[in-house]
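Every heavy atom of this structure was used, including side-chain atoms; hydrogens, water molecules and symmetry mates were not. Residues: numbered from 1 along the sequence shown. This is a predicted model, so every value here is computed, not measured.
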Amino acid sequence: MRDHRFVVVTSLLSLCLPTSVWAQLEVLASKQEIIRQIKDEPASLDPAQAVGLPEIPILRDLFEGLTNQDAQGQPVPGVAKSWHSSDQKVWVFALRKEAKWSNGDPVTAKDFVYSWQRMVDPKTSSPYAWFPALAAIDNASAITAGKKPVSSLGVVATDDYHLKVTLEHPVAWFPVLTASFALYPVPQSVITQYGSQWTLPGHLVGNGAYQLEKHIVNERVVLTRNTQYWDNAHSTLNTVTFVPLNDSATATHWYQANSLDVTESFPKNRYQQLQQTMPAEVYTPAQLGTYYYAFNTRKGPTANVNVRKALSWTIDRQIIADKILGTGEKPAWYLTPDITQGFAPPVLPYQQLTQAERNRQAKLLLNAAGYGPNRPLKISILYNTTDNNKQIAIAVASMWKKSLGVQVSLVNQEWKTYIDSRKQGNFDVIRASWVGDYNEPSTFLSLLTSQHSGNISRFTSSAYDALIAKASTETTTKQREKTYAAAETMLAEQVPIAPIYQYTNGRLIKPWVKGYPITNPEDVVYSRQLRIEKH
């Protein structure tokens with residue numbers, strides 16, 4: 001019988017090593033097609049209208065930014081073949097002349113100027129309009145606030161193949177940020193021609209390795225090779241199909257029936273069984289992401305900080321991580337995950353208590369807020385429909401009921417309805433998560449600044465905003481670590497959110513899928529990296 005440890009090790013190596021190393025060892029399948037799960041129907045295939053994880057894997061195939069990421073999450077050339085800066089404030093990117101749109105037109109620096117201006121334009125109403133400001137691109141925040149014209153954005157095409165970006169302050173990791181879908185180029189002529197219909201099959205023009213062949217809502221998104229892509233010669237897959245399945249049990253069933261090659265998750269309660277039956281196909285590396293509950297800080301009972309604190313403290317994170325999940329997840333005491341580069345976690349007072357001690361203090365806090373046996377707290381938990389979200393909501397509701405006597409109603413909604421409720425602030429407590437756009441604490445901590453569109457709880461604190469602004473101007477890692485720790489301490493005191501657990505990248509991958517960058521902490525995957533071995 002083959003040693004399972006050998007299977008796992010060789011499988012990991014085959015996922016991570018360059019294609020050239022394995023080319024001599026592999027016999028590729030004649031049919032180079034893959035079927036990947038996404039967790040919901042995409043909100044949009046327009047990078048400026050993307051909302052979250054369901055659409056991002058597709059956008060990475062349809063478009064390409066100035067940079068991409070390698071298997072370790074480091075920046076590598078994309079449309080830009082090189083870049084330089086003498087002061088980390090003014091960056092110049094040299095674009096490759098062979099980069100083309102899928103209609104054959106050249107990709108130029110002017111395309112990036114148009115696209116980035118469109119992203120911050122208030123008329124676009126992009127959910128990610130905050131990203132260029134987070135990246136410190138000059139005037140981005142003033143433009144999104146309607147105080148300056150889009151033409152003042154700190155990005156200039158000095159010629160067709162050189163893009164000059166001016167930042168408001170030095171950002172050493174700026175090239176990493178340009179790999180984000182929020183800074184992908186989009187085709188101005190096509191958008192002008194088709195308006196909001198430009199993302200339909202037959203209309204959509206991208207500059208990525210694949211192009212949109214078919215989109216059947218709630219059923220599948222089919223991509224085919226973009227022969228105009230500058231590095232098409234090194235792509236192997238001819239067809240990529242994304243299937244929206246928000247139930248991990250259903251996705252696992254499809255996977256076992258060979259109707260999926262890669263899943264986004266699997267039922268946590270089946271982890272041990274899957275490990276025994278298919279050990280070389282189960283992966284659970286740490287991921288740069290945090291699962292949390294956001295409290296409505298503007299209205300309802302959760303507008304009271306003592307209520308928020310009591311609810312957060314009575315969540316037994318260890319039980320959720322170990323018993324409900326059990327695939328290597330860590331309890332989360334901070335919004336920023338432990339694996340984030342440049343993060344030195346502070347020691348939080350409530351973190352040092354036993355769960356029983358936290359429960360006792362939480363009861364006192366809730367009483368101080370005016371709730372108790374004669375006036376029980378009544379709240380709802382809103383979550384988007386997945387079995388994992390449901391199990392956690394049931395567990396948390398039980399913890400609140402047992403420890404505090406809280407009467408909890410559970411409300412589940414499909415992704416798009418959930419997103420609308422989230423935007424409108426129609427919730428008491430809402431399930432949320434954040435996977436870093438880059439590996440640095442600001443990708444998490446900026447989320448709770450006053451003007452951030454991702455600030456679900458509507459938390460507002462000038463002191464907190466000042467801390468994050470201060471961190472962005474500090475020039476040493478040590479200085480930033482202290483400031484980020486102070487920001488996390490403030491969040492623990494004000495409790496706009498309750499961090500619950502740190503993600504692992506749990507998924508199932510068929511042994512014939514090669515090239516999957518499982519070591520990337522942000523789970524950045526480009527289908528052009530993948531290939532199908534004969535099986």
Side-chain angles (χ1 to χ4, degrees), residues 44 46-50 59 63-67 75 78-80 83-95 99 101 106-192 198 206-207 437-438 440 442-443 446-447 449-455 465 468-469 472-473:
S44 175
D46 181 344
Q49 297 303 328
L59 295 177
F63 302 92
E64 182 174 67
L66 293 171
T67 61
V79 175
W83 52 88
H84 69 271
S85 176
S86 59
D87 58 2
Q88 299 181 347
K89 185 177 179 181
V90 177
W91 291 85
V92 176
F93 293 83
L95 277 55
W101 294 101
V107 177
T108 69
K110 292 177 183 177
D111 291 319
F112 284 91
V113 173
Y114 163 75
S115 304
W116 293 10
Q117 288 179 349
R118 177 175 179 260
M119 176 63 74
V120 299
D121 191 339
K123 294 178 183 177
T124 305
S125 298
S126 171
Y128 265 72
W130 53 267
F131 190 84
L134 176 65
I137 299 175
D138 201 28
N139 291 328
S141 57
I143 295 167
T144 56
K147 297 177 181 177
K148 288 191 176 183
V150 294
S151 59
S152 67
L153 188 68
V155 55
V156 176
T158 57
D159 60 36
D160 281 350
Y161 296 102
H162 288 89
L163 189 74
K164 179 182 176 182
V165 184
T166 302
L167 308 181
E168 293 181 344
H169 55 79
V171 178
W173 57 89
F174 183 75
V176 177
L177 307 186
T178 63
S180 169
F181 75 90
L183 297 181
Y184 283 167
V186 291
Q188 182 175 7
S189 61
V190 177
I191 294 171
T192 300
W198 81 273
N207 70 321
D437 290 298
Y438 51 95
E440 207 273 342
S442 59
T443 190
S446 63
L447 200 63
T449 51
S450 302
Q451 302 304 316
H452 200 303
S453 60
N455 186 346
D465 292 349
I468 303 306
S472 70
T473 62

>> Can you give me the closest heavy-atom contact between A136 and V171, atom names plus distance?
In response: CB-CG2, 3.8 Å
Does the side chain of [X] reach to within under 4.5 Å of the side chain of [Y], using non-hydrogen atoms?
| X | Y | value |
| --- | --- | --- |
| Y438 | S442 | yes |
| R118 | I191 | yes |
| Q49 | T124 | yes |
| P187 | W198 | yes |
| E168 | S472 | no |
| Y161 | P106 | yes |
| W83 | V92 | no |

Look at the side chain of [X] and the backbone N and O of [Y], then say whether any donor-acceptor pair between them is shorter than 3.5 Å.
| X | Y | value |
| --- | --- | --- |
| T144 | V120 | no |
| D111 | Y114 | no |
| T67 | P175 | yes |
| S152 | K148 | no |

>> Is the distance between the ring centroids of F112 and F93 under 6.0 Å?
In response: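 No.
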To the closest 0.5 Å, what do you measure between [atom1] ([X]) and [atom2] ([Y])?
| X | Y | atom1 | atom2 | value |
| --- | --- | --- | --- | --- |
| H452 | W130 | NE2 | CH2 | 3.5 Å |
| L95 | H162 | CG | NE2 | 8.5 Å |
| L163 | K110 | CG | NZ | 12.5 Å |
| F174 | L66 | CZ | CG | 7.5 Å |
| N455 | S446 | CG | OG | 10.0 Å |
| E440 | L177 | CD | CG | 9.0 Å |

> D465 and S450: side-chain donor and acceptor closer than 3.5 Å?
Replying inline: yes
> In a check of side-chain contact (heavy atoms from CB on, under 4.5 Å) between W116 and each of V186, I137, D121, which one passes?
Replying inline: I137
>> Whether K89 and D138 form a salt bridge (side-chain N of Lys/Arg under 4.0 Å from carboxylate O of Asp/Glu) is what I want to check.
In response: no
> Step by step, would you call V155 with K164 a side chain to side chain contact (heavy atoms under 4.5 Å, CB included)?
Replying inline: CA-CA 6 Å; V155 55; K164 179 182 176 182; over 6 Å; no
> Pick one: which of F63, F131, Y128 meets ring pair (Phe, Tyr, Trp, His ring centres under 6.0 Å) with F181?
Replying inline: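 Between F181 and the candidates, ring pair (Phe, Tyr, Trp, His ring centres under 6.0 Å) is satisfied uniquely by Y128.
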